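These notes are about the structure you will find just below.
The sequence lines fix the lettering, A, B, ..., with proteins before strands; numbering per chain opens at 1. These numbers were taken from a predicted model, which means no experiment stands behind them.
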Protein chains: 2
Amino acid sequence: MRGKGKLTSSLEDYLEAIWLLSRESKVVRVRDVARRLGVTPASVVNAVKMLVRRGLVEHEPYGYISLTDKGMERATQIYERHTILTRFFRDILGLDSNSAERTACILEHHISEKALARLVKFLEFVEECPDVTPYWLKGLHHYLETGKRSVICPLRVKQR
Amino acid sequence: MRGKGKLTSSLEDYLEAIWLLSRESKVVRVRDVARRLGVTPASVVNAVKMLVRRGLVEHEPYGYISLTDKGMERATQIYERHTILTRFFRDILGLDSNSAERTACILEHHISEKALARLVKFLEFVEECPDVTPYWLKGLHHYLETGKRSVICPLRVKQR
DNA sequence: TAATATAATAAGGTAAGTCTAAAATTGTCA
DNA sequence: TGACAATTTTAGACTTACCTTATTATATTA
């Protein structure tokens, strides 16, 4: 009953799109989803049919699309994966927002829970900014941009 | 002529497997690839046919499979992506080797050149071990393991 | 309210990637 | 050398995920 009921990448994309659209405009139609994902309405109808079968969305013929509680929960999980990956690629690796978004969009379907959890901790560690991290991060970004190591850290000579 | 000629994830997997097997045993047969990838020989035959069409492998009917120069080049590119991802997930995020491998195996097909290039620089930065990184990395791993921040860095009080 | 535009759906097709089952080939060894 | 086993291949089916085209439903507005 509480089994994961795996979704394909494609269905995850549809579910995520429906969720995002419903945050933006209260009412979601086939057409909106099609535009968002760059597919034909026919493809959306098909996908929605499958999501309905799995109890993740509701859809009255020729009417609006909405998420069930289960669908909502699932969509937020997917979106969380998305934002974590975006943050990593943008804030740590310094990719521009678009590239980071696109990368997240693809990888979000394939990364494991285990790996994702590590990434979360990594971000926590970096973003909550303890001792050396600010220096380290600056040094990293300088290196990513210029290919050269900065000499920001005054520790250098002291180390051994 | 020098166009990328994109491969599907699946074909990349086959090509990579053939390459890995040919490093291990000089001669590669349909059967070996099937075992390695956990698919039926019939699937391998199909895939190999497509790789032959693209000029990446050679195959005499009922005989051995080998890589062309082009296929070799391509396979090493794929494997490089693989190792970069493995290193990141294992050495930086501290995943066990198996999980890191599995993660790399999936993501290697989907990560963009741009993102991968950043990851490479990231690894360079960390592994070539400059000023603060050793401290920082120790702190990160401690945090990943225990959830607690260590006070390894003596800088703490000095900073402002 | 009838005509028209827009939206949704159904039907049918293509391509990738797998499978099973059956047929063809090859290699081994008694 | 001939028969059996292992391997490879072919043929055909299924699933996912798209598409196009044609039909049906809804909404707008003259």
Side-chain angles (χ1 to χ4, degrees), chain A residues 4-18 21-22 24-67 71 74-75 78 105-110, chain B residues 4-18 21-22 24-67 74 78 105-110:
Chain A
K4 268 306 182 69
K6 284 230 172 131
L7 295 177
T8 61
S9 306
S10 172
L11 288 182
E12 284 189 350
D13 277 334
Y14 283 105
L15 191 63
E16 192 181 10
I18 292 164
L21 287 165
S22 72
E24 288 168 17
S25 54
K26 268 302 151 42
V27 143
V28 180
R29 285 158 309 180
V30 166
R31 192 152 190 301
D32 305 322
V33 180
R35 258 212 279 260
R36 181 74 154 230
L37 294 178
V39 298
T40 62
S43 302
V44 177
V45 169
N46 249 295
V48 164
K49 225 178 269 177
M50 290 195 277
L51 292 172
V52 168
R53 255 187 248 136
R54 287 164 207 249
L56 297 170
V57 320
E58 284 166 352
H59 185 214
E60 32 192 344
Y62 293 93
Y64 300 137
I65 301 166
S66 59
L67 293 170
R74 197 62 179 275
I78 295 165
C105 254
I106 298 168
L107 299 192
E108 65 182 358
H109 305 298
H110 302 101
Chain B
K4 268 307 181 67
K6 283 229 172 135
L7 295 178
T8 62
S9 306
S10 173
L11 288 183
E12 285 190 349
D13 277 334
Y14 283 105
L15 191 62
E16 192 182 9
I18 291 165
L21 287 165
S22 73
E24 289 167 16
S25 53
K26 268 303 153 43
V27 144
V28 180
R29 285 157 311 181
V30 167
R31 193 156 187 295
D32 305 322
V33 180
R35 258 213 278 261
R36 180 74 154 231
L37 293 178
V39 298
T40 61
S43 302
V44 176
V45 169
N46 248 295
V48 165
K49 226 179 265 174
M50 291 193 279
L51 291 173
V52 168
R53 256 187 247 133
R54 287 164 206 250
L56 298 169
V57 319
E58 283 166 352
H59 185 213
E60 32 190 344
Y62 293 92
Y64 300 137
I65 302 165
S66 60
L67 294 170
R74 197 62 178 275
I78 294 165
C105 253
I106 298 168
L107 299 193
E108 66 182 358
H109 305 299
H110 302 100

Check: 5' to 3' on DNA chain C, which nucleotides open and close the contacts with chain A (atom under 4.0 Å from a heavy atom)?
Finding: C:dA7 to C:dA10

Next item on the list: Extract, from 5' to 3' on DNA chain D, the first and final nucleotides lying under 4.0 angstrom from some heavy atom of chain A.
Entry: D:dT16 to D:dT26

Note to self: What residues from residues 34-48 of chain B pass a heavy-atom cutoff of under 4.0 Å to DNA chain D?
What the structure shows: B:Pro41, B:Ala42, B:Val45

Check: Quick one, which residues of residues 24-31 of chain B touch DNA chain D with a heavy atom under 4.0 Å?
Finding: B:Arg29, B:Val30, B:Arg31

Next item on the list: Looking only at non-hydrogen atoms, find the nearest pair between B:Glu12 and B:Glu108 and report the distance.
Entry: OE1-O, 4.4 Å

Next item on the list: Please report the closest heavy-atom contact between B:Ile18 and B:Leu51, naming both atoms and the distance.
Entry: CD1-CD1, 4.2 Å

Next item on the list: Kindly state each residue pair satisfying salt bridge (charged side-chain N to carboxylate O under 4.0 Å, His left out) with at least one member in residues 37-54 of chain A, sequence neighbours excluded.
Entry: none

Notebook entry, point to check: What residues, two or more places apart in sequence or in another chain, satisfy salt bridge (Lys or Arg N to Asp or Glu O under 4.0 Å) together with B:Glu60?
Noted result: none

Next item on the list: With sequence neighbours excluded, tell me which residues meet salt bridge (Lys or Arg N to Asp or Glu O under 4.0 Å) with A:Asp32.
Entry: A:Arg29

Any side-chain heavy-atom pair from [X] and [Y] closer than 4.5 angstrom?
X       : Y        : value
B:Asp13 : B:His109 : yes
A:Val39 : A:Tyr14  : yes
B:Val30 : B:Val48  : no

Item checked: side-chain contact (heavy atoms from CB on, under 4.5 Å) partners for A:Val27, two or more places apart -> A:Tyr64

Check: Tell me, which pairs form a side chain to side chain donor-acceptor pair (under 3.5 Å) where one or both residues lie in residues 35-46 of chain B, sequence neighbours left out?
Finding: B:Glu24-B:Arg36, B:Thr40-B:Ser43

Check: For B:Tyr64, which contact category applies under a 4.0 Å heavy-atom criterion: base, sugar-phosphate, or nothing?
Finding: nothing

Note to self: List the residues meeting side-chain hydrogen bond (donor to acceptor under 3.5 Å, both in side chains) with B:His110, not counting sequence neighbours, and say none if there are none.
What the structure shows: none

Check: Once you round to the nearest 0.5 Å, how far does CG of A:Leu15 lie from CG of A:Leu7?
Finding: 6.5 Å

